[in-house]
> 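Next up is a structure, given as C-alpha cells.
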Amino acid sequence: MLKVKMMLGSLIAILVLTASAASAQVVSGQAAPNFTLTDTNGQKHSLSDYKGKFVVLEWFNPDCPFVKKHYNSGNMPHLQKQYISKGVIWLAIDSSAAGKEGNYPAQGLNKFMAGNNGSPTAVFADADGKVGRLYEAQTTPSMYVIDPKGTLVYQGAIDDTPSTDMGDLKTAQNYVSAALDAAMNGKPVAVNTTKSYGCSVKY
C-alpha cells in the first residue's frame, strides 16, 4: 500500500511539473520558441532565420480599437520605421481565426498596413493560432522583443497606458522602445515582463 501511495505521489508530481512546463512556453530571459510562418506576400519566415538580429513580434488585429489607436496616431508605424532603420526585424502577426473579428485574407492585411503607413518587415495571418498560442499572446497589441542570441528580453504591453485615447500617448511610457534601447546598447532591460492590454486575441 505504501509503495502504491509513493508511486501515485511521484506520478502526481510529474504531472504537475509537466503542466507547469506546458503553461510556461515563453519566459523573459529564456530562449524564444522558434516558429515558421508564411507572410502575406507568400514568403516563408522562421524566427531562427534572424539569429544575430533583434526581432520584435507584434500581435495585431485591424479591427481592435487599441490597435487602431497605435496605428491611427502613427505611433506603431513610427516605431516600426525607427527600429527597422537600425536593423531590427519587425514581424506583425494576426492570429484571428476564420469567421472571427480581425480575420482577413493576405491582401486585406496588406491593405490595412498600407492604409495606416505600417511598414513591418513582414505581416502574417496565423489563422490557426498556432504561433499565437505558442507565445501565449492574449491581447492585441501584444509585444515581444528578442535579442540576437534568440533570448526573449521583453514581453507584454506596448506601454503603461491601457486606453484607446490617442492623447494618452504623450505621457505613456513605451516599454518596447525602452527594451530595445537598453538591449541594443548592451544594458539590462529594466522591465522585461508586463501584462498586455487591448482586445482579446480572437482564437
Side-chain angles (χ1 to χ4, degrees), residues 20 22-33 35 37 47 54-80 82-83 88-97 100-103 109 112-113 116 118 120-147 151-183 189-203:
S20 298
S23 65
Q25 296 274 9
V26 284
V27 178
S28 295
Q30 295 187 12
F35 63 86
L37 281 173
L47 180 62
F54 280 94
V55 177
V56 172
L57 305 181
E58 170 205 339
W59 260 265
F60 79 106
N61 169 347
D63 296 331
C64 172
F66 292 90
V67 171
K68 288 180 179 180
K69 165 191 173 178
H70 289 286
Y71 274 93
N72 292 346
S73 65
N75 184 48
M76 194 72 81
H78 171 73
L79 288 171
Q80 293 166 350
Q82 178 185 355
Y83 289 102
V88 173
I89 301 297
W90 194 293
L91 307 178
I93 303 170
D94 180 358
S95 291
S96 295
K100 299 285 185 72
E101 176 193 271
N103 176 271
L109 296 179
F112 169 79
M113 286 296 174
N116 287 279
T121 306
V123 180
F124 304 92
D126 174 44
D128 61 10
K130 283 184 180 177
V131 179
R133 290 189 176 94
L134 178 65
Y135 274 79
E136 300 174 340
Q138 299 297 315
T139 67
T140 53
S142 281
M143 311 296 296
Y144 300 78
V145 178
I146 300 161
D147 75 8
T151 302
L152 185 69
V153 296
Y154 175 75
Q155 62 174 314
I158 186 171
D159 60 32
D160 65 349
T161 309
S163 84
T164 57
D165 184 354
M166 288 190 282
D168 291 337
L169 290 168
K170 297 174 184 176
T171 55
Q173 178 189 351
N174 192 292
Y175 293 126
V176 177
S177 58
L180 283 166
D181 291 345
V189 175
V191 179
N192 64 17
T193 305
T194 62
K195 182 175 176 56
S196 66
Y197 69 83
C199 306
S200 62
V201 177
K202 304 301 188 286
Y203 292 118

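The figures here come from the full heavy-atom set of this structure, side chains too, leaving out hydrogens, waters and symmetry mates.
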> Leu91 and Phe35: side chain to side chain contact (heavy atoms under 4.5 Å, CB included), yes or no, with the steps?
CA-CA 12 Å; Leu91 307 178; Phe35 63 86; 4.2 Å; yes

> I'd like to know if the side chain of Gln155 pairs up with that of Glu136 as donor and acceptor (distance under 3.5 Å, no hydrogens or angles considered).
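No pair is found: no donor N or O on one side chain lies under 3.5 Å from an acceptor on the other.
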
> Of Ser196, Cys199, Ser200, which meets side chain to side chain contact (heavy atoms under 4.5 Å, CB included) against Thr140?
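Between Thr140 and the candidates, side chain to side chain contact (heavy atoms under 4.5 Å, CB included) is satisfied uniquely by Cys199.
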
> What is the distance from atom CH2 of Trp90 to atom CD of Gln82, rounded to the nearest 0.5 Å?
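Atom-to-atom, Trp90:CH2 and Gln82:CD are 8.5 Å apart.
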
> Considering all heavy atoms of both residues, which atom of Ser163 and which atom of Phe66 are nearest to each other, and what is their separation?
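Of all heavy-atom pairs spanning Ser163 and Phe66, the closest is O-CD2, 3.6 Å.
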
> Indicate the atoms forming the closest heavy-atom contact of Tyr203 with Ala137, along with that distance.
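Where Tyr203 meets Ala137 most closely, the heavy atoms are OH-O, 2.7 Å.
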
> If we ignore hydrogens and angles and just use 3.5 Å, is the side chain of Asp63 paired with the main-chain N or O of Glu101 as donor and acceptor?
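Such a contact is absent between Asp63 side chain and Glu101 backbone.
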
> To check you understand the geometry: which heavy-atom pair defines the closest contact between Asn116 and Tyr71, and what is its length?
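Taking Asn116 first and Tyr71 second, the nearest heavy atoms are CB-CD2, 3.9 Å.
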
> Report yes if the side chains of Thr193 and Val191 come closer than 4.5 Å at any heavy-atom pair, otherwise no.
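Of all side-chain heavy-atom pairs linking Val191 with Thr193, none is under 4.5 Å.
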
> Take the angle between the ring planes of Phe112 and Phe60 and call it parallel below 30°, perpendicular above 60°, tilted in between.
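Rings of Phe112 and Phe60: parallel, under 30°.
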
> Nearest heavy-atom pair of Pro120 and Gly118: which atoms, and what distance?
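That would be CD-C, 3.5 Å.
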
> Using modelled atom types and a 3.5 Å cut-off, is there a donor and acceptor pairing between side-chain atoms of Asp160 and backbone atoms of Gln173?
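Judged by distance alone, yes, a pair lies under 3.5 Å.
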
> Restricting to non-hydrogen atoms, name the atom on Arg133 and the atom on Asp128 that form the minimum distance, rounded to 0.1 Å.
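Scanning both residues, the minimum pair turns out to be NH1-O, 3.1 Å.
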
> Applying side chain to side chain contact (heavy atoms under 4.5 Å, CB included) to Lys69 and Leu169, what does each step give before you reach the verdict?
CA-CA 9 Å; Lys69 165 191 173 178; Leu169 290 168; 3.9 Å; yes

> List the atom of Thr139, the atom of Gly198, and the distance in Å for their closest heavy-atom pair.
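Residues Thr139 and Gly198, closest heavy atoms: CB-N, 3.9 Å.
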
> Quick check: do Leu79 and Asn174 have side-chain heavy atoms less than 4.5 Å from each other?
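Of all side-chain heavy-atom pairs linking Asn174 with Leu79, at least one is under 4.5 Å.
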
> Is it true that Asp147 and Tyr154 share a donor-acceptor pair across their side chains at a distance under 3.5 Å?
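Short answer, no.
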
> How long is the span from the CG atom in Asn75 to the CG atom in Asp168, to the nearest 0.5 Å?
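The distance works out to 11.5 Å.
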
> Do Asn103 and Ser96 have side-chain atoms, one donor and one acceptor, less than 3.5 Å apart?
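The answer is no; no qualifying pair exists.
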
> Output the distance between atom CE (Met143) and atom CD1 (Ile158), rounded to the nearest 0.5 Å.
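These two atoms lie 5.0 Å from each other.
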
> Test side chain to side chain contact (heavy atoms under 4.5 Å, CB included) on Leu152 and Val27; report intermediate values, then the result.
CA-CA 7 Å; Leu152 185 69; Val27 178; over 6 Å; no

> Is the distance between the ring centroids of Phe54 and Tyr83 under 6.0 Å?
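Tyr83 vs Phe54: aromatic centres not under 6.0 Å.
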
> For Val176 and Val145, what are the C-alpha separation, side-chain angles and deciding distance, and is it a side chain to side chain contact (heavy atoms under 4.5 Å, CB included)?
CA-CA 7 Å; Val176 177; Val145 178; 4.2 Å; yes

> Using 0.5 Å steps for rounding, measure from the CD atom of Glu58 to the OG atom of Ser142.
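Between atom CD of Glu58 and atom OG of Ser142 there are 10.0 Å.
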
> What is the distance from atom CG of Asp94 to atom NZ of Lys100, rounded to the nearest 0.5 Å?
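The CG atom of Asp94 sits 12.5 Å away from the NZ atom of Lys100.
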
> Is any side-chain heavy atom of Leu109 closer than 4.5 Å to one of Pro62?
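Pro62 reaches Leu109 side chain to side chain.
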
> Under 3.5 Å, is there a donor-acceptor pair linking the side chains of Asp159 and Thr161?
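No donor-acceptor contact under 3.5 Å links the two side chains.
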
> Hey, what do you get for OH (Tyr144) to CG (Leu47), rounding to the nearest 0.5 Å?
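It comes to 13.0 Å.
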
